[in-house]
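From a predicted model like this one, the values you see are computed outputs, not experimental measurements. In each ligand, atom 1 is the first atom listed, and ligand 1 is the first ligand listed.
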Amino acid sequence: MLSTTSAAYTNGPTTTKSSSTTEHYDIIIGGGGLVGTTLAAALAKNPTLADKRVLLLEGAGEFKGFDASGPYQNRVSAINKNSIELFESIDAWPHIEAARYKPVKQMQVWESNSDALIQFQHDNFASDVACIIENDLILDAVYATVRASASNVKVLNKSRIECVSLPGQTGSVHSQVQLQDGRNFSCELLIGADGANSVVRKQMGVDVFSLNYDRMGLVATLDLQPEEAGDNSVAWQRFLPTGPLALLPLTEQQSSLVWSTTVPHAKQLLSMEPAQFVDALNEAFCRQYPRVELADLALQALNSFFGNSSSQHLRQFPPSVRDVQSGSRAVFPLGFLHASSYVCQGAALVGDAAHRVHPLAGQGVNLGFGDVRHLVETLAAGAYAGFKLGDTQHLTKYDRKCLTKNVPIMLGVHGLHTLYSTEFSPVVLLRSLGLQLTQNLPPIKNFFMRGAMG
Ligand SMILES: Cc1cc2nc3c(=O)[nH]c(=O)nc-3n(C[C@H](O)[C@H](O)[C@H](O)COP(=O)(O)OP(=O)(O)OC[C@H]3O[C@@H](n4cnc5c(N)ncnc54)[C@H](O)[C@@H]3O)c2cc1C
Ligand SMILES: *[C@@H]1O[C@H](CO)[C@@H](O)[C@H](O)[C@H]1NC(C)=O
Ligand SMILES: *[C@@H]1O[C@H](CO)[C@@H](O)[C@H](O)[C@H]1NC(C)=O
Ligand SMILES: *[C@@H]1O[C@H](CO)[C@@H](O)[C@H](O)[C@H]1NC(C)=O
């Protein structure tokens, strides 16, 4: 067990009365992924919290940085407006803007068993629906902010958290962390940003609901047929019986793929020769699946009822894929996870440590950036009001804000996954009508748009 005997809070590393050394911080963030690193930057940039000493512990090796002149990376995220505002507020956006990203003007979602189609865009394409940004570029940008705040934020790489003890459980006033290599740290508030298998979450003892989707997401960087790509500003998603297939634009002639499918199929796609893979991909985008006639008829009726006044029903097709960049294919397991609470005395969760969703709506990391905003606001208000950083009474406000915002989105994403994993006719009928009604009823569509865009 770790022990911290110094009751008085000091602003520097403290040595406990026992022989072991324990460095003390105000806040320790466990996990330097997209969300944990952004949180470190946001804490440093908040005027009320800028005097807090923050330690960021990342289990993996040193982040190698990002080369904007190199080939596009296979891990990218659809980043919404709220997340971009967060980057702006921590001075990370100019760094991204100066490198490379692709604005998406429209999203087109359609399904395989009927003609149902939905298109998301702002009126007259006045502003972007989202931006596609490489994950490592985001990390590079937020790291730059963290480095600029080196006087109060310290980063340790190759620092894997082995175990954690929390004040409620030990009677100690501080949260404590022991690394795999034996080093010990203590803090007022430990924040778990350590992803879906969070060690911090496990120690918090919060109820967790999780599901394995038995699906994998295959990602890859693709070259498109130039004559079909246009300005390549549409994000395409087709729901297939095995899972959704999405093309996210990177440049005028390149897109990033997220293909969710069964585990055996994903493994097969991963090991195919490039030419064979490209054929399989093009086929998946245009293959005719068994039609549910009733659904098609119902859609025709629905569309004639609403009339097709605008260009809304002009079905477009995605550009075909010419090639896959060598070595860009990779697969990730997909699942759902919901922690019933994000806080306890001395600890809080952010990002995938608290919630994990299917990538079909491009929401995962955006929810995590939302957590960062709410947590920093809550901690700043709490510090201003004289609360201790790890006080549950105050942290509960963060919990409530996030659960209220995240749970409906998570249920929506899970519901869509479930709804589209079947070819059962009545379900196809209902979901096609649902999709088309959404397309036809601006208020509902606007509601969805707000969800997608933050
Ligand atoms: C195929 C795919 C496509 C996706 N596309 C999108 C998209 O378009 N838009 C979107 O919003 N989201 C998307 N997501 C989801 C998104 O990737 C995640 O939500 C996001 O990466 C979560 O970030 P995080 O920092 O919370 O967790 P992670 O990325 O899991 O980071 C956790 C970090 O903690 C470190 N760590 C773990 N354990 C320890 C430990 N014990 N000690 C120290 N460090 C530790 C890890 O090394 C890692 O760096 C996608 C996900 C997948 C699988
Ligand atoms: C960390 O704490 C553990 C348990 O109290 C102790 O065994 C270990 O020696 C400490 N490590 C260091 C480097 O002080
Ligand atoms: C990673 O750790 C090594 C030594 O442990 C250090 O020299 C290096 O600067 C660290 N890198 C970053 C990006 O923090
Ligand atoms: C509906 O849209 C199609 C394609 O844009 C067009 O050919 C047709 O005339 C439209 N019908 C009505 C009733 O507006």
Looking only at N/O atoms, are [X] and ligand 1 under 3.5 Å apart anywhere?
| X | answer |
| --- | --- |
| Gly59 | yes |
| Gly362 | yes |
| Ala78 | yes |
| Ile161 | yes |
| Val365 | yes |
| Asn135 | no |

Q: Any atoms of ligand 2 less than 4.0 Å from a non-hydrogen atom of Thr21? List them with their elements.
A: 14 (O)
Q. If you measure every N/O of Arg183 against every N/O of ligand 2, is any gap under 3.5 Å?
A. no
Q.
Looking only at distances, can you tell me whether any N or O atom of Asn184, backbone or side chain, sits closer than 3.5 Å to an N or O atom of ligand 2?
A.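 For ligand 2, there is an N or O atom that lies under 3.5 Å from one belonging to Asn184.
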Looking only at protein heavy atoms, which one is nearest to [atom], and what is the separation?
| atom | answer |
| --- | --- |
| atom 9 (O) of ligand 3 | Glu62 OE2, 4.2 Å |
| atom 8 (C) of ligand 3 | Asn157 ND2, 3.8 Å |
| atom 34 (O) of ligand 1 | Gly31 CA, 3.3 Å |
| atom 38 (N) of ligand 1 | Arg160 NH2, 3.5 Å |
| atom 36 (N) of ligand 1 | Asp194 CB, 4.0 Å |
| atom 3 (C) of ligand 1 | Pro359 CB, 3.7 Å |

Q. Should Lys401 and Glu377 count as an ion pair when the cut-off is N to O under 4.0 Å?
A.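 Result for this pair is yes, salt bridge flagged.
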**Q.** SB check Asp91 Lys45 (cutoff 4.0 Å)
**A.**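 Yes, charged N to carboxylate O under 4.0 Å.
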Indicate the atoms forming the closest heavy-atom contact of [X] with [Y], along with that distance.
| X | Y | result |
| --- | --- | --- |
| Asn74 | Ala330 | ND2-CB, 3.7 Å |
| Ser159 | Arg183 | OG-NH2, 3.3 Å |
| Asn80 | Asn366 | N-OD1, 3.0 Å |

(Q) Before you tell me yes or no, could you show the steps for Phe185 and His24 under ring-ring contact (aromatic ring centres under 6.0 Å, His included), namely the whole-Å CA-CA distance, both residues' side-chain angles and the distance that decides it to 0.1 Å? (A) CA-CA 6 Å; Phe185 299 93; His24 187 82; over 10 Å; no
Between [X] and [Y] (side chain of the first, backbone of the second, donor and acceptor by atom type, cut-off under 3.5 Å), is there such a pair?
| X | Y | value |
| --- | --- | --- |
| Lys81 | Val129 | no |
| Thr396 | Thr392 | yes |
| Thr145 | Ile90 | yes |

Q) So, His355 and Asp371: side-chain donor and acceptor under 3.5 Å apart, yes or no? A) yes
Q: Compute whether any side-chain donor of one residue and acceptor of the other, for Ser320 and Gln225, lie under 3.5 angstrom apart.
A: no
Q | For ligand 1, the portion of Val199 having any non-hydrogen atom under 4.0 Å away | A | side chain
Q. For ligand 1, does Val219 get within less than 4.0 Å through its side chain, its backbone, both, or neither, judged by non-hydrogen atoms?
A. side chain
For [atom], is the nearest protein heavy atom closer than 4.0 Å?
| atom | value |
| --- | --- |
| atom 29 (O) of ligand 1 | no |
| atom 42 (N) of ligand 1 | yes |
| atom 1 (C) of ligand 3 | yes |

Lys NZ or Arg CZ of [X] over [Y] ring: under 6.0 Å, within 45°:
| X | Y | value |
| --- | --- | --- |
| Arg100 | Tyr72 | yes |
| Arg201 | Tyr342 | no |
| Arg238 | Phe285 | no |

If you count the atoms of ligand 1 from 1 in the order shown, which ones are under 4.0 Å from a heavy atom of [X]?
| X | answer |
| --- | --- |
| Phe332 | 53 (C) |
| Glu58 | 33 (C), 34 (O), 35 (C), 44 (N), 46 (C), 47 (O), 48 (C), 49 (O) |
| Gly195 | 27 (O), 30 (O), 32 (C) |
| Gly33 | 25 (O), 31 (O), 33 (C), 49 (O) |
| Val35 | 23 (O), 24 (P), 25 (O), 26 (O) |
| Gly351 | 26 (O) |
| Gly364 | 10 (C), 11 (O), 12 (N), 19 (O) |
| Ala193 | 32 (C), 33 (C), 34 (O) |

Q) Which option out of Leu57, Asp352, Asp371, Val258 puts a heavy atom nearest to atom 19 (O) of ligand 1? A)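 It is Asp352 that holds the nearest heavy atom.
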**Q.** Candidate with minimal heavy-atom separation from atom 6 (C) of ligand 1, of Val76, Leu360, Val350, Ile29
**A.** Val76
Q) So is Arg75 close enough to ligand 1, meaning a heavy atom under 4.0 angstrom away? A) yes
Q) Any heavy atom of Ser159 sitting closer than 4.0 Å to ligand 1? A) yes
Q: Could you tell me whether the side chain of Pro333 reaches within less than 4.5 Å of the side chain of Asn212, counting heavy atoms only?
A: no
**Q.** Side-chain heavy-atom pair Val76, Ile133 within 4.5 angstrom cut-off
**A.** no
Q: With Thr262 as reference, evaluate Lys267, Arg215, Gln268 under the side chain to side chain contact (heavy atoms under 4.5 Å, CB included) test and give the passing residue.
A: Arg215
Q | Centroid separation His414 to Phe336 less than 6.0 Å | A |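 Yes, the ring of His414 comes within the 6.0 Å limit of the ring of Phe336, centre to centre.
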